[in-house]
Protein chains: 2
Amino acid sequence: MSETFPSKAAEHARPTMIDVARRAGVGLGTVSRVVNGGHGVRDETAQRVRAAIDELGFQRNEVARALRPGKKSTSLALVLGDLTNPFYASIAKASLEVAGQSGYAVVLGSVDEDPEGEKRAIQELVSRQVAGLMIVPDQGDHAFLEGAGVPVVFVDRPATGIDADIVMVDNEGGGRIAAEHLLAQGHQRIAILLAPSYYTIGRRLRGFRRAHRAAGVDVDESLVVQLPEGTAEAAEKATREVMLRADAPTAIFASTNFLAEGVLRALGVLRSLGELSQEPAVVGFDDFRLADMLPTPVTVVASDIAELGRSAARLLLDRASGTDTRPPQRIVLPCALIERGSGERPPGSAGNRTAG
Amino acid sequence: MSETFPSKAAEHARPTMIDVARRAGVGLGTVSRVVNGGHGVRDETAQRVRAAIDELGFQRNEVARALRPGKKSTSLALVLGDLTNPFYASIAKASLEVAGQSGYAVVLGSVDEDPEGEKRAIQELVSRQVAGLMIVPDQGDHAFLEGAGVPVVFVDRPATGIDADIVMVDNEGGGRIAAEHLLAQGHQRIAILLAPSYYTIGRRLRGFRRAHRAAGVDVDESLVVQLPEGTAEAAEKATREVMLRADAPTAIFASTNFLAEGVLRALGVLRSLGELSQEPAVVGFDDFRLADMLPTPVTVVASDIAELGRSAARLLLDRASGTDTRPPQRIVLPCALIERGSGERPPGSAGNRTAG
DNA sequence: CTGTTAGCGCATTCAG
DNA sequence: CTGAATGCGCTAACAG
């Protein structure tokens with residue numbers, strides 16, 4: 001006992017349980033017991049320990065705690081693309097809330113655009129011993145997750161190469177609803193803009209086609225526009241091109257929120273140039289802020305994105321705790337149409353292109 | 001290509017360095033050396049070790065690694081309010097990118113609305129041994145962070161009770177620019193809508209006042225509207241009230257992106273009701289998506305939000321690594337006006353007229 | 001009830 | 001150059 005106080009542990013080192021134990025004049029185990037609920041400790045002793053904890057400002061080291069085998073860490077990982085997309089931001093926020101309520105933190109892996117980036121990020125996260133992974137998967141194969149020993153929940157779209165829980169929206173139904181809505185108003189030539197072929201987009205297209213078939217209307221394949229990128233810019237360009245055709249569509253279905261923005265941007269430009277021969281109806285997929293405040297409020301097929309995040313987190317938490325041992329689940333959230341105006345324009349709405 | 005997680009490996013136990021060592025027929029230390037750069041290991045031995053690592057799909061346990069004294073963990077914490085606000089989402093994304101490039105993960109603490117929630121979240125994060133904290137602070141006292149033993153960088157606004165690095169925008173300058181712009185066009189009665197008194201809002205107001213003083217125009221205190229909440233709804237209500245006054249302002253400065261939305265919403269309603277005696281000029285603070293596509297494109301004072309996040313992460317990384325030992329820094333990013341139309345309306349613009 | 005002990009997976013001494 | 005030994009802070013199992 002050369003030193004009463006551990007000299008080095010003065011300012012920059014956080015106190016440990018041993019410090020607390022010494023301070024309270026008890027053993028290490030007792031401190032641990034008090035910290036973890038205090039069962040089986042005499043009240044008086046517990047008081048002393050708690051006092052020492054307070055005085056020292058002790059805080060349990062979660063990292064060391066998680067090192068014990070069996071004891072899973074209390075953090076989940078969330079892997080997604082662009083937080084700047086309100087769609088992903090909603091998922092992040094919602095899952096964060098649910099996780100937080102159960103005392104879990106959420107680690108966000110940095111995800112580059114490249115396909116390998118996601119894999120690297122995921123492995124990074126796994127090496128951090130997270131208790132589970134929520135992944136909005138990119139297109140690559142995710143078989144490498146099979147033996148990861150960590151529960152995985154995919155969000156928004158399934159991944160190939162692995163059978164895991166998946167929480168998503170009814171993309172096909174949404175695509176169908178959008179097309180049905182337009183067809184019901186007499187539109188026969190409906191363009192559909194597709195972001196690079198993610199799973200979701202394929203399903204939306206399928207619903208789109210199905211509605212056409214049910215209505216006995218043929219889909220003009222030249223109006224099924226596959227974009228090189230899922231950006232507003234790409235959609236803007238494509239819209240300009242398609243609307244300048246002699247046989248321009250009377251309606252446009254934009255398969256994502258960003259694409260809808262691009263469509264509207266293009267229409268605005270054409271309109272201002274007096275080159276819009278007719279005003280097409282527009283329906284977007286996924287709601288977005290200010291959609292109702294644009295010159296023509298935008299009709300969209302929407303779903304409860306926050307619920308997507310919440311469900312994913314809840315499911316993952318149950319898997320991580322071992323509470324839920326069912327086979328992989330498949331949760332599908334419904335879509336609904338929100339009519340605002342842009343999607344209710346009848347075919348042949350007057351444009352402003354000067355004759356000739 | 002080797003599988004990272006061999007499917008036949010035990011589901012529940014990830015291989016450890018000891019497994020690798022046994023497999024390669026070497027000692028634990030050797031494996032460690034190979035994993036960490038492989039200096040001072042004979043090439044042949046290193047090969048054997050690497051082979052074993054591949055075969056076993058070994059991945060270093062970051063948690064255990066971080067347990068060693070001195071060795072800080074490789075994760076940063078980010079504490080902020082509402083990821084659903086594009087402003088915060090941008091910060092998150094940008095800081096995430098920078099951190100990721102240095103091999104750091106970012107942990108998001110769940111932050112409730114209540115003031116105590118933030119403190120709890122921060123302590124949670126600290127107990128997880130993060131190497132540093134990025135905090136968009138709430139109003140409470142943050143003195144409790146003094147002895148946390150972790151570097152802290154505040155983002156967007158400083159915190160009271162602690163002197164730490166801070167990265168923010170030039171709020172006062174922004175407020176000044178907005179007011180100057182409106183005053184230059186002859187506006188004399190400019191309303192300013194204020195979200196609950198965060199630091200930033202106070203500075204924006206100060207700049208607003210300063211511009212008035214410089215222009216020799218008195219600020220009508222009844223037009224300085226302190227809102228109970230920072231929501232679009234609150235701004236909408238306040239705008240409705242102020243615009244229905246006999247002495248309605250000829251211009252409105254909305255001090256946040258959400259408030260600008262509320263202002264526009266209110267004006268839209270009043271307009272449609274034929275109750276807008278005159279069309280006020282509107283300037284917002286912080287740019288937002290679709291601002292340029294609204295019926296009247298919105299003029300805003302904007303700054304590089306992503307750079308806010310990047311700077312914060314860079315600074316924190318340098319602090320965490322000990323590279324940067326300067327006294328607390330104060331990084332201030334400039335604001336600039338983006339003229340789009342709503343802010344260029346002269347005083348006395350006729351109301352109740354459909355936008356052309 | 002309470003103190004002591006043995007690791008968790010890894011980096012780092014210290015010997016050889 | 002390499003293997004063995006020592007904790008990091010904590011929990012769980014085992015004595016007293």
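Worth knowing before you read on, the calculation uses all heavy atoms, side chains too, and leaves out hydrogens, waters and symmetry mates. Naming: A, B, ... by sequence-line order, numbering from 1 per chain. What you see is a predicted model, and the numbers here were worked out from it, not measured in a lab.
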May I have the distance from [X] (atom [atom1]) to [N] (atom [atom2]), rounded to whole angstrom?
X        : N      : atom1 : atom2 : value
A/Arg60  : D/dG9  : CZ    : C1'   : 12 Å
A/His39  : D/dA12 : NE2   : C1'   : 16 Å
A/Ile18  : D/dG7  : CD1   : P     : 11 Å
B/Arg14  : C/dG9  : CZ    : C1'   : 12 Å
A/Asp19  : D/dG9  : CG    : C1'   : 10 Å
B/Arg48  : D/dT2  : CZ    : P     : 9 Å
A/Arg128 : C/dC8  : CZ    : P     : 23 Å
A/Leu67  : C/dG7  : CG    : P     : 14 Å

Exercise for the section: Report yes or no: is there a donor-acceptor pair, N or O only, under 3.5 Å between the side chain of A/Arg33 and the base of C/dG3? Expected result: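 When only heavy-atom distances are counted, A/Arg33 does reach the base of C/dG3 through a donor-acceptor pair under 3.5 Å.
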Exercise for the section: Indicate, with a heavy-atom threshold strictly under 4.0 Å, whether A/Leu28 touches base, sugar-phosphate, or nothing. Expected result: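 A/Leu28: base contact, heavy atoms under 4.0 Å.
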Practice task
Identify whether any heavy atom of A/Val26 sits under 4.0 Å from a base atom; if not, whether one sits that close to sugar-phosphate; answer base, sugar-phosphate or nothing.
Solution key: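 Sugar-phosphate contact only - A/Val26 comes under 4.0 Å of backbone atoms but never of a base.
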N/O (side chain, [X]) to phosphate O (OP1/OP2, [N]) under 4.0 Å:
X       : N      : result
A/Arg65 : D/dG9  : no
B/Arg68 : D/dG9  : no
A/Thr45 : C/dT2  : yes
A/Ser32 : D/dT11 : yes

Handout entry: Closest contact, heavy atoms only, A/Ala99 versus A/Val106
Key =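 Minimum heavy-atom contact is CB-CG2, 3.7 Å.
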Handout entry: For B/Pro137 against B/Val155, the heavy-atom pair lying closest together
Key =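 Result for this residue pair: CD-O, 3.7 Å.
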Closest nucleotide among [options] to the [X] side chain:
X       : options               : result
A/Asn36 : D/dT11, C/dT2, C/dG9  : D/dT11
B/Met17 : C/dC10, D/dT11, D/dC8 : C/dC10
B/Asn61 : C/dG3, D/dT2, C/dG9   : C/dG9

Exercise for the section: With salt bridge (Lys or Arg N to Asp or Glu O under 4.0 Å) as the test, would you mind laying out the steps for A/Glu118 and A/Arg120 before giving the verdict? Expected result: CA-CA 5 Å; A/Glu118 189 196 280; A/Arg120 219 177 23 245; over 6 Å; no
Practice task
Return the 5'-most residue of the pair B/Ala64, B/Gly29 with respect to DNA chain D, ranking by each residue's nearest nucleotide.
Solution key: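 Residue closer to the 5' terminus by nearest nucleotide: B/Gly29.
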Handout entry: Row check, A/Phe58 ring normal vs A/Arg14 NZ/CZ: under 6.0 Å, within 45°
Key =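 Because its charged atom misses either the 6.0 Å distance or the 45° angle limit, A/Arg14 does not stack over A/Phe58.
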Practice task
Please lay out, stage by stage, how B/Arg310 and B/Glu307 fare under the test salt bridge (Lys or Arg N to Asp or Glu O under 4.0 Å).
Solution key: CA-CA 5 Å; B/Arg310 270 183 243 115; B/Glu307 183 54 28; 2.4 Å; yes
